[in-house]
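Shown next, in structure tokens, is the structure this report addresses.
Each residue takes its place number in the sequence, starting with 1. One-based numbering, in listed order, for ligands and for the atoms of each. Note that the structure is a prediction, hence the values are computed from the model and not measured.
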Amino acid sequence: MESIAIGSDHGGYHLKEEVKAYLVDKGYSVVDVGTDSETSVDYPDFAAEVARTVQGGRADLGILICGTGIGMAITANKFKGIRAAVVHDAYTAEMSRRHNNANIITFGGRVVGAGVAFSIVDAWLGNAFEGGRHTRRLGKIEAFEKENF
Ligand code: RB5
């Protein structure tokens, strides 16, 4: 079973707590990097923490929740080896794993409710990367990454 790093800003705090409890209940090992309240914080700090945790192998996968999921994805994708996908529902979550091999998913605490968030998590964790032509495409993304470091 994968280990999962999870983080949020104030906009995703309540949903993070619900998703964390859902994962723990399912038996996943969860590393919570915060935030710990509704007090306003800067989402890049938490995105960086989860990205570094996944990058360093201290967790297999990551989940980031802000108001929309967008700022978290923009930030996490600055980290080499991170493929962060903003997902909105079970379908986008499933495809982010099967085609993009997303190692982090992000979504919005002001966009989805707990029920949709749980279906997102189930779809993402319940599917696997398909490889094949998608490996070639991810290789091209990796090459761009090298160009820019
Ligand atoms: C915070 O107000 C909000 O900007 C943040 O949670 C997120 O939605 C950014 O992408």
Side-chain angles (χ1 to χ4, degrees), residues 2-26 28-129 134 137-138 140-149:
E2 294 104 335
S3 55
I4 298 164
I6 192 166
S8 77
D9 70 355
H10 51 289
Y13 168 64
H14 286 292
L15 189 54
K16 171 176 70 71
E17 294 301 305
E18 290 183 279
V19 170
K20 181 173 66 176
Y22 183 74
L23 289 167
V24 168
D25 193 53
K26 291 206 160 222
Y28 288 95
S29 140
V30 179
V31 182
D32 183 356
V33 307
T35 189
D36 300 322
S37 75
E38 283 180 349
T39 304
S40 182
V41 290
D42 296 337
Y43 62 80
D45 297 334
F46 298 89
E49 191 64 29
V50 165
R52 289 190 176 116
T53 302
V54 173
Q55 226 182 13
R58 295 185 298 284
D60 300 310
L61 298 167
I63 296 176
L64 285 163
I65 312 170
C66 57
T68 58
I70 296 169
M72 289 298 200
I74 291 172
T75 310
N77 280 316
K78 298 294 179 197
F79 289 78
K80 201 172 180 181
I82 297 300
R83 293 173 302 279
V86 189
V87 298
H88 302 286
D89 46 36
Y91 179 73
T92 49
E94 176 182 334
M95 298 315 284
S96 78
R97 194 82 188 270
R98 287 174 52 193
H99 286 192
N100 312 109
N101 202 15
N103 49 10
I104 293 181
I105 53 167
T106 76
F107 45 88
R110 297 172 185 156
V111 180
V112 300
V116 172
F118 298 160
S119 71
I120 282 173
V121 165
D122 287 342
W124 183 52
L125 295 172
N127 279 280
F129 181 51
H134 303 295
R137 292 163 186 167
L138 294 189
K140 291 187 176 187
I141 296 172
E142 212 178 307
F144 295 140
E145 201 174 53
K146 286 194 184 111
E147 232 175 69
N148 289 290
F149 276 87

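Looking at G71 next to ligand 1, an N or O pair under 3.5 Å apart turns up. The shortest N or O to N or O distance between Y43 and ligand 1 is not under 3.5 Å. At a 3.5 angstrom cut-off on N or O pairs, G67 counts as close to ligand 1.
Side-chain atoms of K16 come within 3.5 Å of backbone N or O of T35 as a donor-acceptor pair. Distance alone, capped at 3.5 Å, is enough to place a donor-acceptor pair between the Q55 side chain and the K80 backbone. Under the 3.5 Å distance criterion, the side-chain polar atoms of N103 are matched with a main-chain donor or acceptor of G81.
Ranking the protein heavy atoms by distance from atom 5 (C) of ligand 1 puts D9 OD2, 3.2 Å first. When hydrogens are left out, the protein atom nearest atom 2 (O) of ligand 1 is R110 NH1, 3.3 Å; that is the closest non-hydrogen contact.
Distance NZ/K26 to CD1/I4: 10.5 Å, rounded to 0.5 Å. To the nearest 0.5 Å, atom CD of residue E49 and atom CZ of residue F46 are 8.5 Å apart.
Checking Y22 against D122 by side-chain atom types alone, a donor-acceptor pair falls below 3.5 Å.
In this structure, M72 has no heavy atom closer than 4.0 Å to ligand 1.
In the vicinity of T68, heavy-atom distances shorter than 4.0 Å reach the ligand 1 atoms 8 (O), 10 (O).
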